[in-house]
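Quick notes on the structure that follows.
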Amino acid sequence: MKICVVVGKTCTREWHRMLVARLLEDGHDVTLFVSEVGASLPAALSMTLAFERLVYGIAGKSLIASIGADAGELGALTRAQEKSGLFDVVVRLDGGETKTPKGQRVIRPLFNGVPSEAGTLDAALDERELAIAVEDLAHPDAKSETYAVETELPAILSKTLNNACGRMIDLLAWECESTPLRPDGALTSDFERGNRAGTSLARPLVSHAVTTLSSRLVRRLDTLARGGDRWAIAWRNAGRTPFDPSGGVTTIAYKRIADDARRFLADPFPVIADDHAWIFCEEYPYATGKGIISVIDLGDPKMPVRPVIEEPHHLSYPMIFADSGQWWMIPEAGASNQICLYRCDTFPHKWVRESVLIENVAASDPTLYRDKRGYWLFFTSCAGSGSPSDRLCLFHSPSLRGPWAPCGAQPLAIDPKTSRPAGHIINARGTLYRPAQDCMRRYGGAIVWSRFTLPADHRFAQVQVGTLRPREGRTLLGGHTYNRSGSIETVDIFGAPCSDLVEFVYETNGAATGAATQVIERCKEQTYVSN
C-alpha cells in the first residue's frame with residue numbers, strides 16, 4: 001500500500017515514529033508530509049510526567065514525547081508535497097484541517113472522540129473510561145469501531161497515555177491494510193465524552209500531581225502499618241462437580257494458604273499426580289523483587305513452598321500440562337522476550353528448559369490448548385509499549401515444539417476485560433470457555449469467562465458469559481487466576497483478607513450468554529485467512 005503519514009511540525013511524537021516503523025515493517029511504501037499546524041498538549045503535562053517518573057521510578061521513553069518532524073527521526077522517508085498524487089491511505093496525525101496530499105482513504109486517530117492525545121488526557125483526569133477509534137475522513141458515513149483502553153493504573157498518566165497510544169498504533173496499522181479486518185473487542189455502547197475540549201488542563205494536572213503524591217504516601221504508610229494489600233492463593237476440594245461457566249449464580253468458599261508476609265503467592269495451577277495434589281505457583285520474595293516458580297505440597301499439613309524454576313529474569317504463571325506421557329510447563333517470562341518450554345525431569349521438583357517456542361515477544365500469561373488440529377497458544381503482548389493486559393494474540397503449531405506461527409494479523413482482540421489469560425481453557429460438552437483477567441479498572445479486578453471459537457475456518461470471536469469475583473469487596477479487591485485439576489480448584493486473591501476463608505461469587509451474564517450463539521455463528525460464516 002502507498003501510504004502518506006502526516007505529522008505536525010510542532011507536535012510529532014514518539015508513537016508516530018513507532019507507527020511509521022510498523023508500517024514499514026508491514027511492507028508498505030511510506031511517505032512523510034509535515035503539516036504546519038498541529039494539536040499541542042498542555043505545557044504542564046511534561047512537568048507532570050517528569051514528576052511521575054520521579055515518584056514511581058518510571059523508566060523508558062514516553063510515547064507522547066516530542067521528536068523532530070524530519071526523516072532522521074521518523075526513518076529514511078521521502079518527503080511529500082501537497083500535490084504528490086493520490087495515495088492509497090493518508091494517515092493524519094497532526095489533528096489539523098489543512099490541505100494535505102490526497103488519498104483514497106484519509107484516516108485519523110480519535111482519543112475519546114478527539115483527534116489528539118488530549119482526549120485521553122482529559123478522560124483520565126476525569127476518571128472516565130478511555131476509548132480509541134480511527135475515523136475515515138474520506139468516508140464520513142463509515143462506522144468507526146471504538147475500543148476500550150486499559151486503565152488499571154489511572155493515577156499514573158504516563159502509563160495511561162502510553163496504553164492509548166500503543167493500542168492506537170495497532171488500530172492505524174490495521175486500517176492501512178487493503179482489506180482491514182478489525183480486531184475483536186469493539187465497544188457495543190457509546191462512551192462518555194469530555195467537556196473540557198479546548199480549555200486549559202493546567203489546573204487539573206497540578207491537582208492530579210498532588211493527588212498522586214498523596215496516594216503514594218498513603219499506600220506506603222498502609223504497607224508499613226499492616227503489610228498492605230498483596231496476592232495470596234486459596235483452594236478447595238470441589239469433589240466431582242465440574243465448574244460450568246454457563247451455569248447460574250454460585251457462591252464458592254475457598255481456604256487461603258498462609259504466607260509469612262515476606263513474599264506473595266499468585267497464579268496457582270493445581271496438579272493431581274499419582275493421587276497426590278500439588279499447586280504450582282508464582283512465588284515473589286520481596287527481598288529479591290523477582291518472581292520464581294514454586295510448588296506447594298497439599299498433602300503436607302504445613303504446606304511448604306519449594307522453588308522449582310528460577311531464572312535471571314522474572315517468572316510467573318506456571319502453565320503446567322501433560323502431553324505424550326510427560327509433564328511440561330510454559331511459564332510467563334515476558335522480561336526475557338521469549339516464550340519457553342520446560343520439561344519435567346523428576347516430578348515435581350526438577351525442571352529443565354527444553355526449547356524456545358517463540359522469539360522476540362514480550363508475552364504475558366501464555367496459555368496452551370490442544371485439539372485435533374494442533375496446539376494453540378494464547379497470550380497478551382505489550383507490543384508498542386502499551387499495556388500487557390489488553391492485546392490478545394494467538395499462535396498455532398502442528399506440534400508442541402513448533403514451528404509456531406501467528407493466526408492471522410495480530411492482535412486478535414483489543415479489550416482490557418477479556419484479553420489477558422487467567423488460567424486453563426475449559427472444554428464443556430464441546431463448547432470452549434476461556435478465563436481472562438478483567439483489567440479495565442484494576443489489574444486482576446475479577447476473572448471474566450468468555451465463550452469463544454478458534455480461528456480455523458472462521459474469525460476468532462468471544463462473548464463474555466460470566467464473572468468470578470470476591471464476594472466481599474472491601475478487603476478483597478480482586479483475583480486473576482482460576483484453575484482446576486480433578487477435584488482441586490484454585491484461585492488467587494488480592495487484598496488484605498480478615499479470614500482464612502474467602503468467598504467468590506460467579507455471576508452469569510444472561511444477555512451475553514443468549515447472544516453468544518448468534519455472534520459466534522455469524523463469525524463461522526466468515527473465512528479465516530492465515531498470514
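We number each residue from 1, following the sequence as shown. Side-chain atoms are counted along with the backbone in the values below, which use heavy atoms only and exclude waters and symmetry mates. Just so it is clear, the model here is predicted, and its values are computed rather than measured.
In this structure, the side chains of Trp376 and Cys407 come closer than 4.5 Å at one or more pairs of heavy atoms. Taking 4.5 Å as the limit, some side-chain heavy atom of Ile426 sits within range of a side-chain heavy atom of Trp449. Counting only heavy atoms from C-beta outward, the side chains of Val149 and Thr120 never approach each other to under 4.5 Å. Within the 4.5 Å cutoff, side-chain heavy atoms of Leu412 are placed close to those of Gln410. Side-chain contact between Glu311 and Arg353 is present, with at least one heavy-atom pair separated by less than 4.5 Å. At a threshold of 4.5 Å between non-hydrogen side-chain atoms, the residues Phe504 and Ile493 count as touching. Ile293 has its side chain within reach of Met329: a pair of non-hydrogen atoms, C-beta onward, lies under 4.5 Å apart. Considering only heavy atoms from C-beta on, Asp323 comes within 4.5 Å of Tyr375 through its side chain.
Looking only at atom types and distance, the side chain of Thr481 has a donor-acceptor partner in the side chain of Asp267 under 3.5 Å away. Checked by atom type, the side-chain pair Trp15/Glu117 shows a donor-acceptor distance below 3.5 Å. In this model, no donor atom of one side chain and acceptor atom of the other lie less than 3.5 Å apart for Asp170 and Tyr147. For the 3.5 Å distance criterion, the side chains of Thr418 and Gln462 qualify, holding a donor opposite an acceptor. For Ser364 and Tyr317, the side-chain atoms include no donor-acceptor pair closer than 3.5 Å. Using modelled atom types and a 3.5 Å distance limit, the side chains of Glu150 and Tyr443 yield no donor-acceptor pair.
Proximity of a side-chain donor or acceptor of Asn483 to a complementary backbone N or O of His424 within less than 3.5 Å is detected. His314 places a side-chain N or O within 3.5 Å of a backbone atom of Gly291 that can act as its donor or acceptor partner. When atom types are taken as modelled, the side chain of His396 and the backbone of Arg373 share a donor-acceptor pair closer than 3.5 angstrom. Using modelled atom types, no side-chain atom of Tyr506 and backbone atom of Thr251 make a donor-acceptor pair closer than 3.5 Å.
In summary, of the residues considered (Thr490, Ile233, Ile320), a side-chain contact (heavy atoms from CB on, under 4.5 Å) with Pro270 occurs for Thr490 alone.
Every residue was checked against the side chain to side chain contact (heavy atoms under 4.5 Å, CB included) condition with Ala50, not counting sequence neighbours, and none meets it.
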Exercise. Step by step, would you call Glu52 with Lys159 a salt bridge (charged side-chain N to carboxylate O under 4.0 Å, His left out)?
Worked result: CA-CA 10 Å; Glu52 286 187 347; Lys159 288 188 177 295; over 6 Å; no

Exercise. Can you list the steps and then say if Asp500 with Arg256 is a salt bridge (charged side-chain N to carboxylate O under 4.0 Å, His left out)?
Worked result: CA-CA 5 Å; Asp500 285 341; Arg256 183 168 63 99; 3.1 Å; yes

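Between Arg230 and Asp259, at least one side-chain nitrogen of the basic residue sits less than 4.0 Å from a carboxylate oxygen of the acidic one, meeting the salt-bridge criterion. With respect to the salt-bridge test (charged N to carboxylate O, under 4.0 angstrom), the residues Asp297 and Lys302 do not qualify.
Considering every non-hydrogen atom in both Cys340 and Gln338, the closest pair reads SG-OE1, 3.6 Å.
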